[in-house]
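All remarks here apply to the structure that follows.
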Amino acid sequence: MIVSISALKDHLDQEVTIRGWTTHHRKSGKIQFLNMRDGSGYTQCVIAIQDVGEAIFEKAKTITQESAVAVTGTVSQNPRNQQFELVVKDLELIHIAEPFPVTNKEHGTEFLMDHRHLWFRSKRQWAILRVRHRIVRAIRDFFDSHAYTLIDTPILTPTAAEGTSNLFKVDYFEDTAYLAQTGQLYLEPALAAFGKVYCFGPTFRAEKSKTRRHLTEFWMVEPEIAFAHLEDIMQLSQSFIHYILECVLADCQMEFEVLERDTEPLKKCLQPFIRMSYTEAVEKLRALGSDITWGTDFGGDDETILTQEYEQPILVHRFPKTFKAFYFEPDPDNHEVVLGMDLLAPEGYGEVIGGGERASSVDFLIEQIAKHELNQEHYEWYLDVRRYGSMPHAGFGMGLERAVAWICKLPHVRETIPYPRMLYRLKP
RNA sequence: UCCGGUGUAGCUCAGUCGGUAGAGCAGGUGGCUGUUAACCACCCUGUCCGCGGUUCGAGUCCGUGCACCGGAGCCA
């Protein structure tokens, strides 16, 4: 019977076959230890000459790291650590691997990135990408089960959505197209048809950013809700993050152990989030020694300083309109600020979510488009949202890779995606 | 784009005052019945990032280009 490694615990003392790849191979004179991986988990196979005979024993000696092998044996427990292992009776060599570049020793970043297609076989990368998948599932489950309709927004777009970040240009027959930097503008028109919507896909920023927080291609999930105000999406972002954390804490214990990720800080994030206005945040930062002045955006250091003060994520709201995109609704109580919000993850991770309430007046938006020196012609279709049944509405975007980096406590987002795309990194 | 750093064997690195290349791992051979980054012995492995310069002589010093790493700005 062929079983997955993760199911070995259900077959104690039974004879089963597992198929997978060799991660380590240790040889003694009359006993060999073969560590195997099949994607579902890891286990050890014990090959003793007294059990298999000389021919099979000799055949097993030829196995190299990352060879594909089918191993048949009896499930037992390691006498030392009680882990489930396979006492081998027979094995089939499916493919003997050439010397594998990514050895079980240390490697540098460039080498590992050049071998990304092989690197993600390693245990740590496996754990990260499994957590990523669990988060993706949680994201879809959360919105699907709360009556949101998935609206797939285009990746090829005719113009800049926000006009701030740099865009990747591509030839589009005789025309020029740009890779989408957000789906939001395409999401808003869908509100009047579906009420609550979200999109989830890759987005692209041609920023020449060289930091631990940036990729040029990254995945973003963006919910948008009709008749919602700033307060509604602040609450939504909290329950959304709570749900993701509950899922990974329940299902990813093995992965967190591999990553040596202490889950206590994550459990503390299941409490209500800290809230403060931008103005309060600036005061707090200045008290903590930052030289930030009102009206300028947080620097990377500011986010780090602020998030290290609290154990829960921080919802910062009501930013000066000077450094926010054109489409935010102004605060009725203070026209210097807009109804935007950012969610800053703890442990120094910083911005994971950004969003806010969108402007609903067509005249105000036209004014803002002019002030931001954007071409109104390109936004006529977007302005139509405000011409035919305009309403208050709000939404946010969450960067998947930043969320994964925080939850796994990784030093860099490049390990959170199977094939990272960064400044100076387009391969493999 | 700016600031700082690195570039030597397949990988990770050492290389003194400028004197002609080195260790561990990987690979190969042999040994070992409870190992788990196994261990022991032996063997194999080089465009010292490229180009130019100084020098009797450059991995080493100088100039320059390239690649990568870290940070900044911008953002999710």
Side-chain angles (χ1 to χ4, degrees), chain A residues 22-36 42-52 57 61-62 64-66 76-81 83 85 87 97-115 118-119 122-123 162 164-167 181-184 202-222 237 296-304 323-325 342-345 349-355 396-406 411-414 416-417 422-425 427:
Chain A
T22 305
T23 59
H24 298 51
H25 186 202
R26 288 173 297 282
K27 289 171 274 194
S28 275
K30 297 195 171 81
I31 191 166
Q32 301 177 48
F33 299 94
L34 201 62
N35 288 90
M36 297 280 297
Y42 294 80
T43 195
Q44 173 171 271
C45 303
V46 185
I47 309 166
I49 196 162
Q50 65 190 24
D51 298 331
V52 297
F57 193 82
K61 276 189 181 174
T62 66
T64 56
Q65 186 190 351
E66 291 303 324
S76 63
Q77 283 178 292
N78 188 317
R80 288 192 179 177
N81 58 21
Q83 300 221 317
E85 62 179 20
V87 176
E98 297 174 26
F100 194 65
V102 186
T103 62
N104 298 312
K105 301 288 173 178
E106 284 176 28
H107 298 285
T109 306
E110 185 184 7
F111 177 84
L112 290 171
M113 281 294 166
D114 284 342
H115 296 84
L118 304 177
W119 181 29
S122 65
K123 203 167 186 176
E162 299 182 355
T164 50
S165 306
N166 294 326
L167 298 174
Q181 56 187 174
T182 169
Q184 184 205 320
T203 47
F204 306 87
R205 306 267 166 105
E207 285 289 342
K208 292 200 168 181
S209 302
K210 258 180 72 71
T211 79
R212 64 185 70 228
R213 296 174 181 181
H214 286 86
L215 298 169
T216 52
E217 176 179 318
F218 65 97
W219 281 63
M220 186 154 69
V221 56
E222 297 174 272
S237 63
T296 58
D297 204 354
F298 301 136
D301 285 348
D302 293 320
E303 285 188 4
T304 305
F323 61 81
K324 285 287 171 183
D342 282 354
L343 187 138
L344 307 181
Y349 279 91
E351 189 175 352
V352 166
I353 282 177
F396 64 75
M398 183 182 82
L400 174 65
E401 288 75 17
R402 287 190 180 177
V404 177
W406 161 46
H412 202 297
V413 291
R414 65 186 162 214
T416 65
I417 187 165
M422 300 177 288
L423 183 64
Y424 308 133
R425 170 61 60 183
K427 289 187 287 186

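Note on naming: letters A, B, ... go to the chains in the order of the sequence lines (proteins, then strands), and numbering restarts at 1 for each one.
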Using both distances under 3.5 Å as the test, list the Watson-Crick or G-U wobble partner of [N], or none.
{"N": "B:A38", "result": "none"}
{"N": "B:A76", "result": "none"}
{"N": "B:G4", "result": "B:C69"}
{"N": "B:G63", "result": "B:C51"}
{"N": "B:G18", "result": "none"}
{"N": "B:U12", "result": "B:A23"}

base_contact_polar (B:G34 base, A:Glu85 side chain, donor-acceptor, <3.5 Å):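 By the distance-only test, yes, there is a pair.
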Distance-only donor-acceptor test, A:His214 side-chain atoms vs B:C75 base atoms, 3.5 Å: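 Between B:C75 and A:His214, which were checked side chain against base, a qualifying N/O pair under 3.5 Å is present.
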May I have the distance from [X] (atom [atom1]) to [N] (atom [atom2]), rounded to whole angstrom?
{"X": "A:Phe323", "N": "B:C74", "atom1": "CZ", "atom2": "P", "result": "10 Å"}
{"X": "A:Glu207", "N": "B:C2", "atom1": "CD", "atom2": "P", "result": "16 Å"}
{"X": "A:Phe100", "N": "B:A26", "atom1": "CZ", "atom2": "C1'", "result": "12 Å"}
{"X": "A:Leu344", "N": "B:A76", "atom1": "CG", "atom2": "C1'", "result": "12 Å"}
{"X": "A:Ile47", "N": "B:U36", "atom1": "CD1", "atom2": "P", "result": "16 Å"}
{"X": "A:His107", "N": "B:A26", "atom1": "NE2", "atom2": "C1'", "result": "9 Å"}
{"X": "A:Gln65", "N": "B:G28", "atom1": "CD", "atom2": "P", "result": "12 Å"}
{"X": "A:His115", "N": "B:C11", "atom1": "NE2", "atom2": "C1'", "result": "9 Å"}

Pull out every protein N or O sitting under 3.5 Å from an N or O of nucleotides 68-70 of chain B, one pair per line with the distance.
unit_1, atom_1, unit_2, atom_2, d
B:C68, OP1, A:Tyr424, O, 2.9
B:G70, OP1, A:Arg414, NH1, 3.0
B:G70, OP1, A:Arg414, NH2, 2.7
B:G70, OP2, A:Arg414, NH1, 3.4

Distance between [atom1] atoms of [N] and [M] (Å, rounded):
{"N": "B:U29", "M": "B:C48", "atom1": "P", "result": "30 Å"}
{"N": "B:U33", "M": "B:G22", "atom1": "C1'", "result": "37 Å"}
{"N": "B:G7", "M": "B:C62", "atom1": "P", "result": "14 Å"}
{"N": "B:G59", "M": "B:G50", "atom1": "C1'", "result": "14 Å"}
{"N": "B:C3", "M": "B:G63", "atom1": "P", "result": "15 Å"}
{"N": "B:C13", "M": "B:C74", "atom1": "P", "result": "33 Å"}

Minimum-distance nucleotide (side-chain atoms of A:Thr103 versus B:A26, B:G34, B:C75):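 The answer is B:A26.
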Proximity to the side chain of A:Pro99 - top-ranked nucleotide from B:A76, B:G27, B:U33: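 For the A:Pro99 side chain, the nearest candidate turns out to be B:G27.
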Partners meeting ring-ring contact (aromatic ring centres under 6.0 Å, His included) with A:Tyr42 (sequence neighbours left out):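 Scan of A:Tyr42 (ring-ring contact (aromatic ring centres under 6.0 Å, His included), adjacent residues dropped) gives A:Trp126.
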All ring-ring contact (aromatic ring centres under 6.0 Å, His included) counterparts of A:Trp119, not counting sequence neighbours: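 If we apply the ring-ring contact (aromatic ring centres under 6.0 Å, His included) test to A:Trp119, skipping adjacent residues, there are no hits.
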Value rounded to 0.5 Å, distance of [atom1] in [X] from [atom2] in [Y]:
{"X": "A:Asp297", "Y": "A:Asp302", "atom1": "CG", "atom2": "CG", "result": "9.0 Å"}
{"X": "A:Phe323", "Y": "A:Thr296", "atom1": "CZ", "atom2": "OG1", "result": "7.0 Å"}
{"X": "A:Ile49", "Y": "A:Gln32", "atom1": "CD1", "atom2": "CD", "result": "8.5 Å"}

Contacts of A:Glu66 that satisfy side chain to side chain donor-acceptor pair (under 3.5 Å) - sequence neighbours left out: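 Side chain to side chain donor-acceptor pair (under 3.5 Å) check on A:Glu66 returns A:Arg37, A:Arg121.
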Checking all strands, does [X] fall into the base, sugar-phosphate, or nothing category for heavy-atom contacts under 4.0 angstrom?
{"X": "A:Leu400", "value": "nothing"}
{"X": "A:Thr211", "value": "base"}
{"X": "A:Phe111", "value": "sugar-phosphate"}
{"X": "A:Asp342", "value": "nothing"}
{"X": "A:Gln50", "value": "base"}

Aro-ring/base stack A:Phe33-B:G34, d under 5.5 Å, angle under 30°: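 Not stacked: fails the 5.5 Å / 30° test.
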Listed by chain and number, what are the side chain to side chain contact (heavy atoms under 4.5 Å, CB included) partners of [X], not counting sequence neighbours?
{"X": "A:Thr304", "result": "A:Arg213, A:Gln308"}
{"X": "A:His107", "result": "A:Val102, A:Thr103, A:Phe111, A:Leu112"}
{"X": "A:Asp114", "result": "A:Glu110, A:Arg425"}
{"X": "A:Thr22", "result": "A:His25, A:Leu34, A:Met36, A:Ile63, A:Ser67, A:Val69"}

With sequence neighbours excluded, residues passing salt bridge (Lys or Arg N to Asp or Glu O under 4.0 Å) with A:Glu85: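 For A:Glu85, no residue satisfies salt bridge (Lys or Arg N to Asp or Glu O under 4.0 Å) once neighbours in sequence are set aside.
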Under the salt bridge (Lys or Arg N to Asp or Glu O under 4.0 Å) test, residues paired with A:Lys27 that sit two or more places apart: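 None.
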Protein and nucleotides 38-45 of chain B: nitrogen or oxygen contacts under 3.5 angstrom:
unit_1, atom_1, unit_2, atom_2, d
B:A38, OP2, A:Arg26, NH1, 3.3
B:A38, N6, A:Lys27, O, 3.0

RNA chain B: 5'-proximal contact among A:Lys61 and A:Glu303 (nearest heavy atom):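 This one resolves to A:Lys61.
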Whichever of A:Met398 and A:Gly108 has its nearest RNA chain B nucleotide further upstream toward 5':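 It is A:Gly108, whose closest nucleotide lies nearer the 5' terminus.
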Side chains of A:Phe218 and A:Thr203 in contact at under 4.5 Å (non-hydrogen atoms):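 In contact.
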So which protein N/O to nucleotides 5-7 of chain B N/O distances come out below 3.5 Å?
none

Flag, side chain of A:Glu401 to backbone of A:Trp219, donor-acceptor distance under 3.5 Å: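 Checked: pair present.
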Side chain A:Arg205, main chain A:Gln181, donor-acceptor under 3.5 Å: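 Yes, the answer is positive, given that a donor and an acceptor are paired below the 3.5 Å cut-off.
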